[in-house]
**Student:** 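Take a look at this one; I'll ask things after.
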Amino acid sequence: MIETIRRLGRRGCDITESLGRAGLFLAQSAVGVPSREGCMLWLRQVHFVGVMSLAIVLVSGLFIGMVLALQGYTILVDFGAEQALGQMVALSLLRELAPVVAALLFAGRAGSALTAEIGLMKATEQLTSMEMIGVDPLRRVVAPRLWAGFVSLPLLTIGFSVVGVWGGELVGVEWLGVFEGSYWGNMQASVSFLDDVGNGVIKSLVFALVVTWIAVFQGYDLIPTSEGISRATTRTVVYSSLAVLGLDFVLTALMFGELS
Amino acid sequence: MKDSPFVEVESLHFSRGDKDIFRGVDMVIPRGRITAIMGPSGTGKTTLLKLIGGQLVPDAGRIRLDGQDVHAQSRKALFVMRRRMGMLFQSGALFSDLDVFENVAFPLRVHTDLPEAMIRDVVLLKLQAVGLRGARELMPSELSGGMARRVALARAIALDPELILYDEPFAGQDPISMGVLVQLIKRLNDALGLTAVVVSHDIKEALSIADYVYVISDGHVMAHGTPSNLDADHDPRVSQFMHGEPDGPVPFHYPAMDFHADILGSGGPR
């Protein structure tokens, strides 16, 4: 009994300590004036983290939009409301599916890669030798990756939405025969730029920060063995998925809670 | 200036978990000399280098570099201080996304505003010194362990630091490059007046170039002196180490329970 309580307490202390470390880590690496060279490093990372994730995010967006239109149509047609298909596809994508699914895919595609890369740099003492050369790895290695993720994911999310809406049109209009004018017209009439597009982008900014933060911190903080790296990559995907889904509920409640 | 202390270690205590690694180590590393730190493996020689480099923080005691307390510096000041030191890692620790040339050029690019032509000249000079000028376009993954260490040495001396910390520079080198490395370390010290700390258990090589030797064991400085003094030392522990005898007061085995009792199964589950 006492032992259980003690273990619980120790675990609590461990968690608090690592949260503190993670916070300090974020503050030390993200804050600072970027140099010209820093911008070049950042661009390189935008390529690795953002551009390379484009294919998986866009293809998923296309399929999700197509499935949404197909499922939505079969339900809406019962009520004779199939002309509202465009509205349904666009709102579900912009408010929920695009930020969440893009963030989950991003965690799997880019987050795990970031963790493994930084972890391997740590295991092979590259981070230590950088420190001994007098270069702060937080500024040189971590900061460009953190900012690249923060900028890339919202852009990927917008791409996801655009391709998804187009996929919905492909299925709904071209295949199932919804009138094209009502697909686009209803969408235009009901989607508000600030409330729907804006809130979606805010969500994805929050997810971008959380997912990239978890990924680089797990890489930087891991135990430098092969087992440590494998555990840390797993943790990155698990923690960021849970964080994204949990935060999504909180954000949705804050943004759209009073609507109902 | 020569012979004044460059690095001073004062009653250094350091532990990892429950294991005490240093229990009061005092050491003076004179300026412009080669100091060898030797001792059986597992005595924390690499840890000592990391403490000097400010990567680990001691539990108690002080380390001063040229009069300044290494561990009392702000993060920023510590990074500035580190530009005065070079460290050669046992694994080389080259940046795996840069080729050999760029690895050696890295410290020059981040810390100086030299024009590209000058950087090229400096890099080629340093690579020539370690005999790898022809390997400049290889990636670290294409190098053997010994070559990687020589590239790392070229990188460590790229900025002409005042202090170089060598972590096991001779381990795993073939006889030819071992000889070249020994000469190179000696030459760097003679020509440029660098202060060098060599951590090694290649006794013959280390003694051949060292001006002063510290032997650490069991968390303490067991003996120190010039190579000839130590060679003639009558302390059985020192002479066992210096002459590489398997039997003696320094145990070869990691601490364990009695061998007979362990084998006959009265011990734990394993």
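Lettering follows sequence order; numbering is per chain, from 1.
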**Student:** Is it true that, when you exclude A/R231 itself, more than 12 heavy atoms of the residues, nucleotides or ligands shown sit nearer than 6.0 Å to its CZ?
**Tutor:** no
**Student:** Is chain A contacted by the side chain of B/R75, its backbone, both, or neither, given a heavy-atom distance below 4.5 Å?
**Tutor:** side chain
**Student:** Can you name the closest pair of heavy atoms from B/V110 and A/E37 and give their distance?
**Tutor:** CG1-OE1, 4.3 Å
**Student:** If we define contacts as heavy-atom pairs under 4.5 Å, which of B/D97, B/V80, B/L94 has the most with chain A?
**Tutor:** B/L94
**Student:** Donor-acceptor pair, A/T124 side chain versus B/A93 backbone, under 3.5 Å?
**Tutor:** no
**Student:** Can you confirm whether B/R133 is buried at CZ, in the sense that more than 12 heavy atoms of other residues, nucleotides or ligands lie under 6.0 Å from that atom?
**Tutor:** no
**Student:** Is B/R84 in contact with chain A via its backbone, its side chain, both, or neither, using a 4.5 Å heavy-atom distance?
**Tutor:** neither
**Student:** Tell me if a side-chain donor or acceptor on A/Q126 pairs with a main-chain N or O of B/S96 at a distance below 3.5 Å.
**Tutor:** yes
**Student:** So what's closer than 4.5 Å to chain A heavy atoms on B/K76: side chain, backbone, both or neither?
**Tutor:** neither
**Student:** Counting heavy atoms not belonging to B/E137, are there more than 12 under 6.0 Å from its CD?
**Tutor:** no
**Student:** Check whether any side-chain N or O of B/H111 sits under 3.5 Å from a backbone N or O of A/V135 as a donor-acceptor pair, and report yes or no.
**Tutor:** no
**Student:** Can you give me the closest heavy-atom contact between B/R82 and A/E131, atom names plus distance?
**Tutor:** CD-O, 2.9 Å
**Student:** Taking side chain as everything from C-beta outward and backbone as N, CA, C, O, which of these in A/R44 sits under 4.5 Å from a heavy atom of chain B? Side chain, backbone, both or neither.
**Tutor:** side chain
**Student:** Can you name the nearest heavy-atom pair linking A/I133 to B/F106, along with the distance?
**Tutor:** CD1-CD2, 4.1 Å
**Student:** For B/R120, look at atom CZ and say whether over 12 heavy atoms of other residues, nucleotides or ligands are found less than 6.0 Å away.
**Tutor:** no
**Student:** So with a 6.0 Å cut-off around CE of B/M139, is the heavy-atom count from everything else above 12?
**Tutor:** yes
**Student:** For B/D113, look at atom CG and say whether over 12 heavy atoms of other residues, nucleotides or ligands are found less than 6.0 Å away.
**Tutor:** no
**Student:** Within this structure, what is the CZ-CE distance for the pair B/F95 and A/M130, rounded to the nearest 0.5 Å?
**Tutor:** 4.0 Å
**Student:** Tell me whether the count of non-hydrogen atoms from other residues, nucleotides or ligands lying under 6.0 Å of CG in A/L242 goes above 12.
**Tutor:** yes
**Student:** The test is side chain to side chain contact (heavy atoms under 4.5 Å, CB included); show your working for B/F89 and A/T128 and say whether it passes.
**Tutor:** CA-CA 9 Å; B/F89 286 84; A/T128 330; 3.9 Å; yes
